[in-house]
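This is a predicted model, so every value here is computed, not measured.
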Number of protein chains: 2
Amino acid sequence: MSKRFLSMRKKIEVLKAVSEPNRIRILMLLMKKPLCVCEITSILGLNTSTISSHLSVLKNAGFIIDEKEGKWINYKICDEIDDYNSAVLDVISKYFSNEPQLIKDLAEIENANRYNLIQIETNGKRCK
Amino acid sequence: MSKRFLSMRKKIEVLKAVSEPNRIRILMLLMKKPLCVCEITSILGLNTSTISSHLSVLKNAGFIIDEKEGKWINYKICDEIDDYNSAVLDVISKYFSNEPQLIKDLAEIENANRYNLIQIETNGKRCK
DNA sequence: TTGACATTTTGACAATCATCGAAATGAAAA
DNA sequence: TTTTCATTTCGATGATTGTCAAAATGTCAA
């Protein structure tokens, strides 16, 4: 949609971005609903800095964008996503949606509300 | 087609397999025509052992199979390819086919006949 | 059987990657 | 302003990766 041609390098970057299980988990979550870093962190159970770094990979690959909202930064799937990225995302969402891990993640999505979050020991800090 | 469910691990392995430019080049070639290792080597201009290792990645990911033919081993796209692999391959073939590098590779395909090949210095050996 | 040669395996190396904890940044609330 | 806390950046570490050269394997042909 946005760009006529993605370079070979860029197209490979897109594939690399989705070749990591935790990034697939994040994408599947964001396809359901925009989330902030601390919500994603609480669902995936990884270090905040790890989540942040995965988000930056997905952002550079053209899958997601971030938006300030008060204290938080929301991440969501790009509105104007490239055709190629969109095709990749379609394959992911079609073939990964039955994965037990991803179903569990999605079930966690409502618990992981930024206003309820009291994350004991994530990055050694509270998150509320 | 062949298997009902691929594990998450296996599906990630498939994506990793196509996240490498030289493996994309090999897949695009094999979608055109089955080829032996020395033919692929001559087109891509990499070390034989490198090609062999890429082929083994693509084979383990379920994209290609090998078949003995006399002195050579031909590689080709699986006949009974998994739906998921097939969907990934469709995206690749749709969005990479305009890549200058891949067009050049395809143009080389007829020159790279195993009976004509005199590869000066590939792995320090002739290949004929 | 021996020699030629296509292919795979092994070992080494530099580069990239996923992860964590700690420190830095930045913005909102007290 | 100072404190709080969400997020990013930095530095370190162990694991994986793409590549080559050399050695090993296997097979056809003389």
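Here the rule is side-chain hydrogen bond (donor to acceptor under 3.5 Å, both in side chains) with A/Asn74, and of A/Glu39, A/Glu67, A/Glu69 only A/Glu69 fits it.
Side chain A/Ser53 to base C/dA18: no donor-acceptor pair is found below 3.5 Å.
Of the candidates C/dT19, C/dC17, D/dT17, C/dC17 carries the atom nearest the A/Lys16 side chain, counting heavy atoms from C-beta on. Distances from the side chain of A/Asn47 to the nucleotides C/dC20, D/dT7, C/dT19 place C/dC20 closest. The A/Leu46 side chain lies nearest to C/dT19 when the options are C/dT19, C/dA22, D/dA6. Residue A/Lys71 places its side chain closer to D/dC5 than to any other of D/dC5, D/dT7, D/dG18. Comparing atom distances between the A/Trp72 side chain and each of D/dT19, D/dA6, D/dT8 picks out D/dA6 as nearest. Comparing C/dC20, C/dT7, D/dT19 by their nearest atom to the side chain of B/Thr48 picks out C/dT7.
Two residues, A/His54 and A/Lys68, neighbour DNA chain C, and the one matched to the more 5' nucleotide by heavy-atom proximity is A/His54. Both A/Tyr75 and B/Glu69 lie close to DNA chain D; mapped to their nearest nucleotides by heavy-atom distance, the more 5′-ward contact belongs to A/Tyr75. Comparing B/Ile73 and A/Arg23 against DNA chain C, the residue whose closest nucleotide sits nearer the 5' end is B/Ile73.
Here salt bridge (Lys or Arg N to Asp or Glu O under 4.0 Å) pairs that include residues 85-103 of chain B, with residues two or more places apart or in two chains, are A/Lys11-B/Glu99.
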